[in-house]
Protein chains: 2
Amino acid sequence: MVQLDDLDRAILRILKEDARLTISEIAERLNRPESTIHFRIKKLQERGIIGKYTIVLGEDLQPKALAIVYIQAETPIIEDFLERYIRHIMKTLSLLPNVLTVARSGKDGVVALVGEESPEKLNRFVDETIKVLPTLKRVEVIPIDEFGKGSGLVGFLVGV
Amino acid sequence: MVQLDDLDRAILRILKEDARLTISEIAERLNRPESTIHFRIKKLQERGIIGKYTIVLGEDLQPKALAIVYIQAETPIIEDFLERYIRHIMKTLSLLPNVLTVARSGKDGVVALVGEESPEKLNRFVDETIKVLPTLKRVEVIPIDEFGKGSGLVGFLVGV
DNA sequence: TATGAAAGACATCATGT
DNA sequence: ACATGATGTCTTTCATA
């Protein structure tokens, strides 16, 4: 199992806020020697607790209108067809730049997080790209109007 | 407007992959002088196109079972009550560590991304913490079983 | 595992093309 | 936009506890 002490957690929280702080700065904030911070971070990386370092893009590049789209396919006679059809939908959606996330939901479902410049474009996208997919039992669109927690995820997901 | 040329985009893509690469390494990959890369990155930061540098936590710290939970509140006689009630729900959920994201959806809706160690715990959480909220018209649980795109978001959102 | 010190690598900045 | 060089800072390593 994963064992983290207070120092590890403190370091992780600081890096989450700003991964570009230097070891010396972190050391200063936590009142520890640089070599200790360096050692801990190295271990956290080796243990895979720090998965990777990345950037979050700013608001200018983020889509202004977001929605979660839940798709449910009709259950066909042949079970194997459903499986391949779901995979196909996921693959297709994944290739679109305005589809930020694609995930499977149960045997016959797919959820996607979709972003567009405006609510109108978003609706059009859903109508013209998703609702036209054949043999869908259900398409549910859940608009996202304002984040209360985790708003950073858009800048994290959006591509260039 | 946001204007990015190919070099900017190339740099952003590289930093998204690994924000700890040195300027010299990036310069080498893109066959450009270090000074140019340094200049571009500085500009990207100043322009707010690079919002922040952060870390993504590894799988060990991530919840194994995920679901999107969509809550719709009953529309009350007094309009202002709905507004405050929705805000209250969002605030409450935001404080819970296993609630990774909270967002508003329309006038009467809240969407949350919830994570737990196991599907059983996840169900229990939904039953005991969400479904018990008063005056809900609807609670929809969309399980997330497997990511096709954007899987990194869990490690990005999870706390320590 | 923690620490201190020392060596090497790096970012940063100024200047000029 | 690119090149070069000077400077100071940071990372990294290693010896020691």
Looking for any heavy atom pair under 4.0 Å, which part of the strands does Phe39(A) touch: base, sugar-phosphate only, or nothing?
sugar-phosphate

Any base atoms under 4.0 Å from Glu34(B), or only sugar-phosphate, or nothing? Heavy atoms, all strands.
nothing

Check the distance between dT12(C)'s P and Glu46(B)'s CD and give it to me in whole angstrom.
11 Å

Rounded to the nearest Å, what distance is computed from the CD atom of residue Glu28(B) to the P atom of nucleotide dA9(C)?
14 Å

Outermost DNA chain D nucleotides near chain A [under 4.0 Å, heavy atoms]
dC10(D) to dT13(D)

Check the distance between dA2(C)'s P and Leu7(A)'s CG and give it to me in whole angstrom.
7 Å

Arg20(B) CZ - dC10(C) C1' separation (whole Å)
12 Å

Does Ile14(B) belong to the same Ile/Leu/Val/Met/Phe/Trp/Tyr cluster as Val160(A), with side-chain heavy atoms less than 4.5 Å apart forming each link?
yes

Taking every non-hydrogen atom, the tightest pair across Glu117(A) and Lys64(A):
O-CB, 3.3 Å

Protein-nucleotide distance (His38(A), atom NE2; dA7(C), atom P), rounded to Å
17 Å

Taking only side-chain N and O atoms of Ser24(B), does any of them lie within less than 4.0 angstrom of OP1 or OP2 on dA9(C)?
no

Should the pair Lys16(B) and Phe156(A) be classed as cation-pi, given the thresholds of under 6.0 Å to the six-membered ring centre and 45° from the axis?
yes

Using whole Å, report how far CD of Glu25(B) lies from P of dC10(C).
7 Å

Here the distance between atom C1' of dT12(C) and atom NZ of Lys43(B), to the nearest Å, is 15 Å

For Pro33(A) and Thr22(B), take the nucleotide of DNA chain C holding the closest heavy atom to each; which residue's nucleotide lies nearer the 5' end?
Pro33(A)

Search all heavy atoms of Val2(B) against all heavy atoms of Ile49(B) and return the closest pair with its distance.
CG1-CD1, 3.8 Å

Rounded to whole Å, how long is the line connecting atom CZ of Arg32(A) with atom C1' of dT1(C)?
12 Å

Once you apply a heavy-atom cut-off of 4.0 Å, does Ser35(B) come out as touching a base, just sugar-phosphate, or nothing?
base

Side chains of Tyr53(A) and Gln45(A): donor-acceptor distance under 3.5 Å anywhere?
yes

Does Lys107(A) offer a backbone N or O that forms a donor-acceptor pair with the side chain of Arg104(A) under 3.5 Å?
yes

Quick one: is Arg40(A) getting a side-chain N or O under 4.0 Å of the dA2(C) phosphate, OP1 or OP2?
yes

With heavy-atom distances below 4.5 Å as the criterion, would you say the side chains of Val141(B) and Asn123(B) are in contact?
no

